[in-house]
Every structure is written in C-alpha cells, then in structure tokens.
Amino acid sequence: MENKRTILIVEDDKYIIHFLSVSLKEEAYTFWTAGTVKEALSLFYANRPDLVILDLGLPDGDGLDVVKRIREIASTPVIVVSARQEEGEKIRLLDAGADDYVTKPFYMGELLARIRAALRKAEKSSNGPGSTFEDGDLLVDYEKRRVEVAGQEVHLTPIEYKILCLLIANRGKVLTHHYMLKEIWGYAEGVEAGTLRVFMATLRRKIEKNPSEPEHIVTEVGVGYRFK
Ligand code: CA
C-alpha cells in the first residue's frame, strides 16, 4: 500500500541516514535527506514535507535554527533526534516549536511510532475543532468523539472508533488487512486478520442498517475494506 506521507531527514551522519532510509523505505514514505542547515531549508521550502526528522549538530549551524525558520511559515511536525541529553536543550527546542525529542541511540520502532503519532496529531488539528463527517444517516463528531446513526448515539469501543476514522480518512480507497492492522495496532505481526474481522463485524452491527448488506463499509474480498 502506498504511503503518501513525505518526510525530510536532516542529518549529517551517513550511518544514521542509511539506517533511517532503509526503514522509511520499508514503510513506503517518500523522503529527502539534507546534511546541512542550508540544504534543509531549501529542501523544506521546495517540497513542504509532512514531517521533519532533525539532527542538532550540523556542519553549518544548529538544528534549533532550522526549527525556528520552519515555524516562521509552517506548523509541520518536527521530531528532533539528537545525542544531546541536557534538559535545558530539550526545553529550548520544544519552546522553539519542535514537537518531539528522541535521544540517540534510539530504536527505529520507537521513532516510527513517534512519526505516526506526530502525523496523526497534525492531521487531526488540520481537521479543525468541531469538524464532523456525515454520510447518509451516519454522523461522526471528531471533537466529541461521538458517533450517531439516524440521530441516535452509538457507542463504539476505542478500536472500533479508530477503524471507522481510518476508513473515513481514506474513503474510496481499499485498505488492506495488513495496512489496517499496522495503523490500528501499530504493528501487523502477531495480530490475526481474523481479529480485524471480529471488530469489523461489531462495528457494522452498530453503524449499518443491514450489516450483511453494508452501505458504508464494503468488503473487498481477500484484500481489505473500503469506505464508500
Ligand atoms: Ca550531527
């Protein structure tokens, strides 16, 4: 499944660039790499990535300046990845507008989870407060985390709610089982496709008039699900 999110890596350590590239490629992110402050800013302005991974010690300056310059024009999430440990440093960065801080050495799995969280947060805030989604008799109020069917509130479990929001955010597109398991649980290994089927069945019972002939969520046999 194609991942449309784009990432700018700002890092001058070739080994780390390689390490990050392999994992981001595996997750199908599109990304650019910059080794200096100057390159970082020109790539940022040219490509407007969805997220920035930022090292602090760069040959021509400090990552802190990159955060400040980005914040002048955009609210793009910035995750600082640095060996610097001092608390004062972290506070300065967060004050300048960095979204998260990961200390080197780090686990790739953790960084990937933080990337997903930062992207989700950015997406949510761009939806704006009080935004709702309506499709026929189905209403989702994102701010209140409330779902209604034909004017009646239905109670979804957190997983059911996540599944519904994921499908709506990608409406019209087929989401594979693997992709959904990864997005919902954060990993696909060890979670059976059958688990997803169980949640899907309970979700449909709650939001579909006739769960065996669903109007909202259709099954793409052997592949996954799609929100109409
Ligand atoms: Ca460095």
Side-chain angles (χ1 to χ4, degrees), residues 1-127 169 178-179 181-190:
M1 169 119 216
E2 198 188 347
N3 186 337
K4 293 219 178 73
R5 269 60 168 276
T6 59
I7 296 178
L8 173 62
I9 303 172
V10 185
E11 174 65 68
D12 63 334
D13 181 323
K14 289 206 175 71
Y15 172 75
I16 295 177
I17 292 173
H18 174 73
F19 179 59
L20 288 172
S21 301
V22 169
S23 301
L24 294 183
K25 229 175 256 170
E26 238 164 54
E27 302 291 317
Y29 287 108
T30 298
F31 59 91
W32 303 271
T33 58
T36 62
V37 170
K38 204 175 149 217
E39 224 181 322
L41 293 173
S42 78
L43 282 173
F44 182 85
Y45 296 140
N47 298 299
R48 296 305 290 267
D50 295 317
L51 182 134
V52 178
I53 297 172
L54 179 65
D55 175 35
L56 295 180
L58 296 164
D60 62 339
D62 198 287
L64 180 62
D65 298 320
V66 178
V67 179
K68 287 181 181 162
R69 297 289 294 278
I70 288 175
R71 281 295 164 268
E72 286 168 8
I73 60 158
S75 59
T76 313
V78 175
I79 300 180
V80 172
V81 178
S82 171
R84 295 186 202 162
Q85 301 249 25
E86 313 93 72
E87 202 176 344
E89 181 82 44
K90 290 185 190 173
I91 291 168
R92 258 199 306 285
L93 280 154
L94 296 171
D95 279 347
D99 295 82
D100 205 350
Y101 196 107
V102 177
T103 308
K104 286 175 187 166
F106 58 90
Y107 290 108
M108 198 58 216
E110 187 195 343
L111 180 62
L112 288 172
R114 287 177 187 241
I115 289 172
R116 284 193 297 272
L119 287 169
R120 268 199 302 274
K121 208 175 108 200
E123 217 158 72
K124 232 187 226 166
S125 59
S126 72
N127 278 341
H178 183 83
Y179 177 80
L181 291 172
K182 267 192 128 165
E183 288 293 311
I184 307 289
W185 280 274
Y187 50 85
E189 295 73 29

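We count ligands from 1, going down the list as the structure has it; atoms in each ligand are counted the same way. Sequence positions, counted from 1, serve as the residue numbers for this chain. Predicted, not measured: the structure shown is a model, and the values here were computed from it.
- Looking at every heavy atom in both residues, L64 comes nearest to R92 through CD1-O, 4.0 Å.
- Within a radius of less than 3.0 Å around the Ca ion (ligand 1), the protein N, O or S atoms are D12 OD1, D55 OD2, G57 O.
- With hydrogens and angles ignored, the 3.5 Å screen pairs a side-chain donor or acceptor of D60 with a backbone N or O of V37.
- With sequence neighbours excluded, no residue forms a side-chain hydrogen bond (donor to acceptor under 3.5 Å, both in side chains) with R116.
- Using modelled atom types, one side-chain atom of E39 and one backbone atom of G35 make a donor-acceptor pair closer than 3.5 Å.
- Side-chain N or O atoms of R71 include one that pairs as donor or acceptor with a backbone N or O of T76 at under 3.5 Å.
- For D99 (side chain) and I79 (main-chain N/O), no donor-acceptor pair under 3.5 Å exists by modelled atom type.
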